[in-house]
Protein chains: 2
Amino acid sequence: MVKPSSSTRRSKPPRVTPPADQETRDRILDAAHIVFTRKGTASSRTQEIAAQAGVNKALVHYYFGTKAALADAIFARALGTLMPRIFGILADPDRSIEEKVPAIVREQIDFQSARPYFAGYMVSELHAEPERITRLMARQGGRVPLDVIRRQLREGARAGKFRRISPEQFVANLMGLLIFPFAIRPALCELLGFDTPRWHAFLEERRRLLPDFFMAGLRP
Amino acid sequence: MVKPSSSTRRSKPPRVTPPADQETRDRILDAAHIVFTRKGTASSRTQEIAAQAGVNKALVHYYFGTKAALADAIFARALGTLMPRIFGILADPDRSIEEKVPAIVREQIDFQSARPYFAGYMVSELHAEPERITRLMARQGGRVPLDVIRRQLREGARAGKFRRISPEQFVANLMGLLIFPFAIRPALCELLGFDTPRWHAFLEERRRLLPDFFMAGLRP
DNA sequence: GGATGGTTTAACCATGCGGTTAATATCGGC
DNA sequence: GCCGATATTAACCGCATGGTTAAACCATCC
């Protein structure tokens, strides 16, 4: 635990916010991520996070002050992991929409498959505490960059390649198709009678289908 | 409050499960629905439900035994409201897919618009307690009726009208497109810079767009 | 080797909350 | 008008949980 002391340590001003040991800090963050994503913030116990991190409960408070602050950190981190994977690709001016959509589909199906609780967690938190995203978006990034995709959609429409569709609808459709099935996986499996292998088959099918389905939906 | 006594009352066996006054029972259910959908089961307090129902907290337990049981009741009720609206239409053998899709789109956008917390609540609960839906589906209905839609998709594909697509993918796509934006509304509004009027404009646009988008996606 | 200051822990505290209980209110039947 | 049942309440209980505290720990510097 005892790391070679924070490198950003200046000698004169006696620091106010303790930077604290980065290693244990990360251990707690990782533990919190596991617990929070699995159970949601409200049903998670700081004690369980501490245990998961192999650390005393008080230490969690030492590093993050309050459960809510820790929850914020985890949520912000999750958001920061997810959004660039979608909007990073969408904002690329050097790739056509026909290239971007399959790329995002592949990327997201891989990403979400590897993190079974991620989508459900995100949606749940969004619903449980809608103000949080306002707060967070204000602090960091801000709006999402839609100009590239807007331009590409407009040009495609002018060329008769696409139907007239706003980038907002485009994004809503894409995210709905990609994320929703993961967010409600247990229900979907029960509803459709999927066991785990059939779920994976479903995802494989989806990987092939979605790009065509989505692009066909774009055409007039 | 005091209703003309339960009609199902038999005189001999001293009833085990109290049928209890239907009117207050419903008042509690309605109150619980409001609180649970707004805050989610985990963050809701029985006290708040009681207050919302204008009733003593103990009475909630008198009627439903435990918070979890009440939560189950509310969730089952919500599921029973949502599913038939989608699968009732889908299972109709007398309407073509071209008729069903726009009907469901209209219906769902109206339904969800009138219940801003519904979608988020459903997804959250699904994520928080995945076993619940297993339990519930076993008790009531069971699987979802996909045969009609399967037949229609197959015939459409044979006629060259549709791409080859399984009813499972069909349903996943439809639900994702319809429900997801409502489930993450706060995030979507923040992300896309929507205020309330623009959100409604977005929904209007969506009402027009989705049937075409979806049907175009089906075509080969 | 001891003073200093960040790190970690065991023990503790206050309280919010789910659930229970025992007493009261209300009504239908006689 | 009283009886037996159900309906409703105020008061209470136990405990889990978020958060605090005071002490121990352990590097590092002089």
Side-chain angles (χ1 to χ4, degrees), chain A residues 1-29 31-32 35-36 39-74 129, chain B residues 1-29 31-32 35-36 39-74 129:
Chain A
M1 245 98 316
V2 196
K3 280 299 294 300
S5 94
S6 160
S7 50
T8 61
R9 173 117 147 273
R10 297 135 303 160
S11 37
K12 310 266 222 26
R15 84 162 89 70
V16 182
T17 55
D21 183 2
Q22 195 61 34
E23 187 178 315
T24 34
R25 190 189 178 81
D26 285 347
R27 274 245 303 290
I28 296 175
L29 276 174
V35 177
F36 278 149
K39 312 203 172 181
T41 300
S43 302
S44 295
R45 306 294 153 220
T46 53
Q47 170 54 45
E48 186 176 354
I49 292 170
Q52 174 77 29
V55 129
N56 186 285
K57 178 164 74 87
L59 204 62
V60 175
H61 285 97
Y62 177 70
Y63 277 86
F64 294 95
T66 149
K67 178 186 172 184
L70 179 54
D72 273 14
I74 294 301
E129 212 173 330
Chain B
M1 242 100 317
V2 195
K3 282 298 292 301
S5 94
S6 158
S7 50
T8 61
R9 171 116 150 277
R10 295 138 302 157
S11 38
K12 309 264 224 27
R15 87 159 87 71
V16 182
T17 56
D21 183 3
Q22 195 60 34
E23 186 178 316
T24 34
R25 188 188 180 80
D26 285 347
R27 275 245 304 290
I28 296 175
L29 276 173
V35 177
F36 278 148
K39 312 202 171 183
T41 301
S43 301
S44 296
R45 307 294 153 220
T46 52
Q47 171 53 48
E48 187 176 354
I49 292 169
Q52 175 77 29
V55 128
N56 187 284
K57 179 165 75 88
L59 204 61
V60 175
H61 286 97
Y62 178 70
Y63 277 85
F64 293 95
T66 149
K67 180 188 171 184
L70 179 54
D72 272 14
I74 294 301
E129 213 173 330

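Numbers restart at 1 for each chain; the letters A, B, ... are given by sequence-line order, proteins then strands. Only heavy atoms go into these numbers, but all of them, side chains included; no hydrogens, no water, no symmetry mates.
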Indicate every side-chain donor-acceptor pair of residues 42-49 of chain A with a distance under 3.5 Å to a residue at least two apart or in another chain.
| from | atom 1 | to | atom 2 | distance (Å) |
| --- | --- | --- | --- | --- |
| A:S44 | OG | A:V35 | O | 3.4 |
| A:S44 | OG | A:G40 | O | 2.7 |
| A:E48 | OE1 | A:K39 | NZ | 3.1 |
| A:E48 | OE2 | A:K39 | NZ | 3.4 |

Length of the line joining [X]:[atom1] and [N]:[atom2], which is rounded to integer Å:
X     : N      : atom1 : atom2 : value
A:L59 : C:dA10 : CG    : C1'   : 13 Å
B:Y63 : C:dG19 : OH    : C1'   : 18 Å
B:F64 : D:dT8  : CZ    : C1'   : 15 Å
B:E23 : C:dT26 : CD    : P     : 16 Å
A:H61 : C:dA11 : NE2   : C1'   : 15 Å
B:L70 : C:dG18 : CG    : C1'   : 12 Å
B:Y62 : D:dT6  : OH    : P     : 7 Å
A:N56 : D:dC25 : CG    : P     : 14 Å

B:K57 (side chain) and C:dG19 (base): donor-acceptor pair under 3.5 Å: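 Per atom types, the contact qualifies.
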Atom pair CD1/CZ of B:I74 and B:F36 - distance to nearest 0.5 Å: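 Result: 6.5 Å between the selected atoms.
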Side-chain N,O (B:T66) to OP1/OP2 (C:dG18) below 4.0 Å: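 For C:dG18, neither OP1 nor OP2 has a side-chain N or O of B:T66 closer than 4.0 Å.
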With A:N56 via side-chain contact (heavy atoms from CB on, under 4.5 Å) - residues at least two apart: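 For A:N56 the side-chain contact (heavy atoms from CB on, under 4.5 Å) partners, ignoring immediate neighbours, are A:A58.
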Closest-nucleotide ordering on DNA chain D, the 5'-leading residue of A:A42 and A:A58: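 Residue closer to the 5' terminus by nearest nucleotide: A:A42.
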Test: B:R25 cationic atom under 6.0 Å from B:Y62 six-membered ring centre, within 45° of axis: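 No, a cation-pi geometry is absent between B:R25 and B:Y62.
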